[in-house]
Amino acid sequence: MRIALLAPVALPVPPTGYGGTELVVSMLAEGLVARGHDVTLFASGDSHTSARLESLYPQSLEAVGVRDKRTYQAYEAAHVRDALSRASRFDVVHDHTKALGTIYARFADTPVVTTIHNDFTEERRQVYGAHPDHAYVAISRAQAARMPELNYSGVVYNGLDLGPVIYQSAKEDYLLFLGRLDADKGAHTAIAIARALNWPLILAGRVQDTAFFEREIAPHLDGVRRRYVGEVAGEAKWRLYAGARALLFPIQWPEPFGLVMIEALACGTPVVATRHGSVPEVIEDGVSGRIVDSERDLDALVAATREAVTLDPRDCRAQVETRFSQDAMVEGYLDVYRQLVSTAIRR
C-alpha cells in the first residue's frame with residue numbers, strides 16, 4: 001500500500017525530547033516500512049526515518065525559534081498544502097496535524113484520515129464540527145465519546161516500540177512523575193503524595209507554565225528527596241521509568257491517551273492514576289496499577305500508591321505486550337486504511 005504520513009513541523013520525527021504525536025508517527029512509519037509498505041513521511045527535514053522523507057522546511061519550527069502561534073500556523077498550513085498537493089501518488093494520506101489536515105483534505109483526490117491526538121479545544125471543536133464527515137481516528141473510546149458526532153473510522157490505541165525499553169523487576173527507592181509540569185498533569189499532586197508517604201520523588205518533563213512551576217513545584221524541591229531533572233529522552237528516560245517504584249499520574253483533565261502510562265508499564269513499573277479520560281482503558285486496576293476516583297482524595301492516592309508498589313512488574317509489562325505494542329497499533333491503522341481504500345473504490 002502507498003501511504004503518506006503527514007506530521008506536524010513544530011518538532012522533528014522522532015522528537016529529541018517531549019513530543020508524543022511525533023513519537024507515535026515515528027513508530028507508525030517504522031512499523032509500516034517493516035511490513036513492506038511504500039511509506040512517505042511529510043515532516044521537517046531534521047527528521048530521521050526509514051520511510052521516504054519529504055520536507056518543505058529543512059528544520060523543525062522549534063529548532064529555528066518559531067513559537068508564535070499565528071506564525072506557526074502559517075508555516076504549517078503551507079506544509080500541509082504542499083503535502084496534500086501530492087496526494088494522488090498515494091492510496092491513503094494519514095494526517096497527524098491536529099486541524100489543518102482536516103481543513104485542506106477536501107482538496108485531495110485521495111482518502112485522508114486524521115488521528116485526533118489531543119484534547120478537543122474550542123478551536124478544534126469548531127474545525128472538526130465544520131467537517132463532521134471527514135474520516136477521524138480516536139486514540140481512546142473516552143476521547144471519541146467527547147465528540148461522538150464525528151465520523152470515526154476506528155479507535156486505535158497508541159503503541160510502543162519495545163526495542164529500546166529497559167525492563168527492571170528490582171525497583172529503586174523513588175517515585176516518578178514524568179510529563180508536562182502543569183496543573184492538568186497533576187505534578188503538584190504527585191508532590192503531595194510523595195510528601196505524605198515521605199518517599200523520594202523524581203520529576204521529569206517540560207515546564208510550560210512557568211508561573212505554576214514557581215508557585216507549586218519549585219518551593220518543594222530540595223535536590224535530594226524531591227528532585228527535578230528536566231526533560232529526559234532515550235536511555236536516560238527508560239532508566240528513570242525502570243527504576244521507579246511507581247509512576248504517579250494524578251491527571252486532572254480528560255487525557256486522550258497518556259503515552260507515559262504505557263511507557264512505564266513496559267518497564268515493569270505500575271501506575272497510580274486518577275479516573276479521567278483514557279485511564280480506565282489503559283490501566284487494569286489492581287493488576288498494572290491503581291486508579292483513584294478523585295485527585296482531591298489525597299488519602300486514597302497515598303493508599304493506592306502503597307498498594308501499587310506491591311504489584312508484579314511482569315503483569316505491567318504483559319499489558320503492553322498484548323494491548324499496546326507497536327505491532328498492535330500498526331495493524332489497527334492498516335485496518336483503517338483498508339476500510340478507507342475499499343470505500344473509495346466502491347464510490
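Nothing fancy with the numbering, it's 1 onward along the sequence.
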>> Which residues pass the salt bridge (Lys or Arg N to Asp or Glu O under 4.0 Å) test with Glu54, not counting sequence neighbours?
In response: Arg86, Arg89

>> Run the salt bridge (Lys or Arg N to Asp or Glu O under 4.0 Å) test against Glu30 and tell me which residues pass, sequence neighbours left out.
In response: none

> Listed by chain and number, what are the side-chain contact (heavy atoms from CB on, under 4.5 Å) partners of Arg275, not counting sequence neighbours?
Replying inline: Pro280, Ile291, Asp293

>> The criterion is side chain to side chain donor-acceptor pair (under 3.5 Å); which residues satisfy it with Asp91, sequence neighbours excluded?
In response: Arg2

>> Check this for me, if you would: do Arg70 and Asp68 make a salt bridge, where the nitrogen-to-carboxylate-oxygen distance has to be below 4.0 angstrom?
In response: no

> Residues in salt bridge (Lys or Arg N to Asp or Glu O under 4.0 Å) with Arg67, at least two apart?
Replying inline: none

> With sequence neighbours left out, what residues match Arg146 under salt bridge (Lys or Arg N to Asp or Glu O under 4.0 Å)?
Replying inline: Asp119

> With sequence neighbours excluded, what pairs up with Ala34 under the side-chain contact (heavy atoms from CB on, under 4.5 Å) test?
Replying inline: none

>> Enumerate the ring-ring contact (aromatic ring centres under 6.0 Å, His included) contacts for residues 147-168, please, sequence neighbours excluded, ordered by first and then second residue.
In response: Tyr157-Phe324

> Mind checking what makes side chain to side chain donor-acceptor pair (under 3.5 Å) contact with Asp285, not counting sequence neighbours?
Replying inline: Arg290

>> Through direct or indirect side-chain contacts below 4.5 angstrom among Ile, Leu, Val, Met, Phe, Trp and Tyr, which residues connect to Val287?
In response: none

>> Check Glu331 with Arg338, please: is the shortest side-chain N to carboxylate O separation under 4.0 Å?
In response: yes

> By side-chain contact (heavy atoms from CB on, under 4.5 Å), which residues pair with Asp46, not counting sequence neighbours?
Replying inline: Pro12, Ser44, Gln59, Ser60, Ala63

> Got a sec, which residues hit side-chain contact (heavy atoms from CB on, under 4.5 Å) with Ser55, two or more places apart in sequence or on another chain?
Replying inline: Leu53

